[in-house]
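Remarks on the structure that follows.
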Amino acid sequence: MKPTVTKRIQTKSVARRAQSKTQLDCWNLNDLLKSPQADFDRITTELDAMISSLESWRSRLSPEMTTKQFTSLVRLSEQVASTSTTVGAHSYLWFSEDTTNQKARAFKNTVEERLTKLQNRMLFFDLWWQGVDDTHAARLMDASGDVRYHLESIRRLKPHTLSEPEEKIINVKNVTGRGAMHTLYDVLTNELTFTLTVDGKKKSLTREGLMSYLRSPSARVREATYKELYRVFTGHSNVIGEIYSTLIHDWRTENIELRKFSTPIAPRNLGNDVPDQAVNALLSACTKNASIFQEYFKLKARICKLGKISRYHIYAPHRSDRKRYRYQDAKTMVLEAYRGFSPHMGELAARVFDEQHIDAPARPGKLSGAYCYSVAPGLTPYIMLNYTGEARDI
């Protein structure tokens, strides 16, 4: 099945017409913003008013404040975060549909810049909270309800937090620096096209379409797939290498030199609330047991009659027949699996389809891979796929 949907799906009627042609679900972003620019202007005005209300407390913040006052401010901060996340989600999902869409890219950039400015105005509250003594912090957190973990997470970052002006500069810099590099990479790599000859026919493929042939029963096709991938990427190696180098240096400069983390992975561990020791133990166990991984590929080479396995044949199938799955059959399998595990989970999974929160077709310019985007509590997540009919796509 070769989906041909090439434009952004913005209304339910358009989504249904596209779906009837391709039999693949296309998402509808109206649950986030119905009219992106108009809604964005209205929402940023609302955010400005909420943040101004929070700012009015700046000179009155005190560890001795009542729990009612503190909880009110935390809930206001939560409302700002939820609203901002909804706008940010729409801009990223629209961009994901087609990374070459200039309107989507421009809107994404505008949203990121505007939200960063608004969020920088709220920095003072987190910095103040980090400075509250443990006794008063415990008293205030005891009354904070379900946001307690969030408040604890903010305080964990205190040893690595800079001054307010410095934090503001980093936030602004990340939009035009680190964030821009990620966007550039997505735009560059997702508009690439690849050529592969299969069964005597030359095919022009997207990256997702090409990668599906890594599981071809034919060793020659698998090898040709990898070589074509390397050929096209090599043509852009200078730009891609520069992007990678820039991101590495940016990460090290900020987190090692400025924030004084002990290792490059430490900030990620802290953000995930996982102790460094746990991650080190995991890596150590993997290194110690690498022979199990190696033995698996020796067995696979024997079963697949490959002789010595190479990079080209990592995903070689053990059967010669390559079964493909219709999207509707895959959808049924997924829903039945969830329902068999838990009826409630089945209901939640069905909502993703019923509310048109899944975008399945693979198409030129679309972000590669797949993801689940959880926007905010109470809102059904959005699912992005590049469905090509492989078992792994299910």
Side-chain angles (χ1 to χ4, degrees), residues 88 91-93 95-102 104-106 108-109 111-113 116 160 162 166-167 169-196 205-214 223 225-272 274 276 279-280 282-283 286-287 290 293 310-312 314-315 362 364-373 384 386:
S91 69
Y92 185 74
L93 295 173
F95 169 73
S96 297
E97 293 177 5
D98 182 1
T99 58
T100 65
N101 185 330
Q102 294 185 1
R105 293 212 308 264
K108 176 174 172 289
N109 291 336
V111 167
E112 290 174 348
E113 291 173 5
T116 297
H160 307 287
L162 307 176
E166 290 171 319
E167 291 291 350
I169 291 173
I170 288 177
N171 287 342
V172 172
K173 180 269 299 178
N174 283 344
V175 173
T176 55
R178 183 187 303 167
M181 288 292 101
H182 283 293
T183 299
L184 176 60
Y185 177 83
D186 288 337
V187 171
L188 174 64
T189 59
N190 288 294
E191 69 176 356
L192 298 177
T193 56
F194 304 85
T195 303
L196 187 69
L205 303 164
T206 63
R207 183 180 176 186
E208 287 295 326
L210 177 74
M211 299 308 280
S212 69
Y213 285 98
L214 293 179
E223 182 174 347
T225 298
Y226 264 114
K227 288 184 175 179
E228 175 64 4
L229 179 70
Y230 297 152
R231 182 189 70 80
V232 174
F233 268 77
T234 298
H236 301 275
S237 59
N238 287 335
V239 176
I240 294 174
E242 194 62 30
I243 292 172
Y244 183 74
S245 177
T246 297
L247 290 171
I248 291 296
H249 287 298
D250 177 83
W251 183 268
R252 181 175 183 83
T253 298
E254 177 181 332
N255 292 295
I256 301 298
E257 298 179 15
L258 296 179
R259 299 193 184 280
K260 306 302 181 183
F261 281 97
S262 57
T263 64
I265 200 175
R268 187 71 73 204
N269 295 343
L270 183 63
N272 291 331
V274 179
D276 290 342
V279 175
N280 291 338
L282 173 65
L283 295 175
C286 290
T287 301
F293 190 61
S310 70
R311 184 70 181 91
Y312 303 137
I314 293 292
Y315 302 112
K366 186 175 181 179
L367 205 67
S368 62
Y371 63 70
C372 173
Y373 198 119
M384 191 203 79
N386 278 277

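Note that the structure is predicted; figures quoted are calculated from it, not measured.
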Separation of Thr116 OG1 from Asn171 CG (nearest 0.5 Å): 6.5 Å
Atom pair OH (Tyr92) and CE (Met384), whose distance is rounded to the nearest 0.5 Å: 7.5 Å
Expected output: side-chain Glu228 to main-chain Thr195 donor-acceptor under 3.5 Å: yes
N/O donor-acceptor pair under 3.5 Å between Asp276 side chain and Leu270 backbone: no
Any donor-acceptor pair under 3.5 Å from Asn255 side chain to Pro264 backbone: no
Derivation of the side chain to side chain contact (heavy atoms under 4.5 Å, CB included) call for His236 and Leu192: CA-CA 10 Å; His236 301 275; Leu192 298 177; 3.3 Å; yes
Euclidean distance, Thr176 OG1 relative to Met181 CE, rounded to 0.5 Å: 9.5 Å
Crowding at OH, Tyr315 (>12 non-hydrogen neighbours, <6.0 Å): no
Pairs meeting criterion salt bridge (Lys or Arg N to Asp or Glu O under 4.0 Å) with involvement of residues 232-251, two or more places apart: Lys173-Asp250, Arg178-Asp250
Salt bridge (charged side-chain N to carboxylate O under 4.0 Å, His left out) partners for Arg259, two or more places apart: Glu167, Glu254
Straight-line distance of Ile243 CD1 to Leu184 CG, nearest 0.5 Å: 4.0 Å
Which atom of Leu210 lies closest to which atom of Thr225, heavy atoms considered: O-CG2, 3.3 Å
Glu113 CD to Lys108 NZ distance, which is reported to the nearest 0.5 Å: 10.5 Å
Check: Gly369 main-chain N/O paired with Glu208 side-chain donor or acceptor under 3.5 Å: yes
Heavy-atom donor-acceptor pair, Thr183 side chain to Gly179 backbone, under 3.5 Å: yes
Worked verdict on Ser96 versus Tyr373 for side-chain hydrogen bond (donor to acceptor under 3.5 Å, both in side chains): CA-CA 11 Å; Ser96 297; Tyr373 198 119; over 6 Å; no
Heavy-atom side-chain contact between Val187 and Phe95 under 4.5 Å: yes
Heavy-atom closest pair, residues Thr193 and Val232: O-CG2, 3.9 Å
Main-chain N/O of Gly365 paired with Thr99 side-chain donor or acceptor, under 3.5 Å: yes
Minimum heavy-atom distance between Arg207 and Ser368, given as atom pair plus value: NH1-OG, 3.8 Å
Worked verdict on Asn109 versus Glu112 for side chain to side chain contact (heavy atoms under 4.5 Å, CB included): CA-CA 5 Å; Asn109 291 336; Glu112 290 174 348; 4.1 Å; yes
side-chain hydrogen bond (donor to acceptor under 3.5 Å, both in side chains) partners of Tyr226, counting only residues at least two apart: Arg311
Side-chain donor or acceptor of Thr189 paired with backbone N/O of Tyr185 under 3.5 Å: yes
Point-to-point distance, once rounded to the nearest 0.5 Å, from NZ of Lys227 to OG1 of Thr234: 12.5 Å
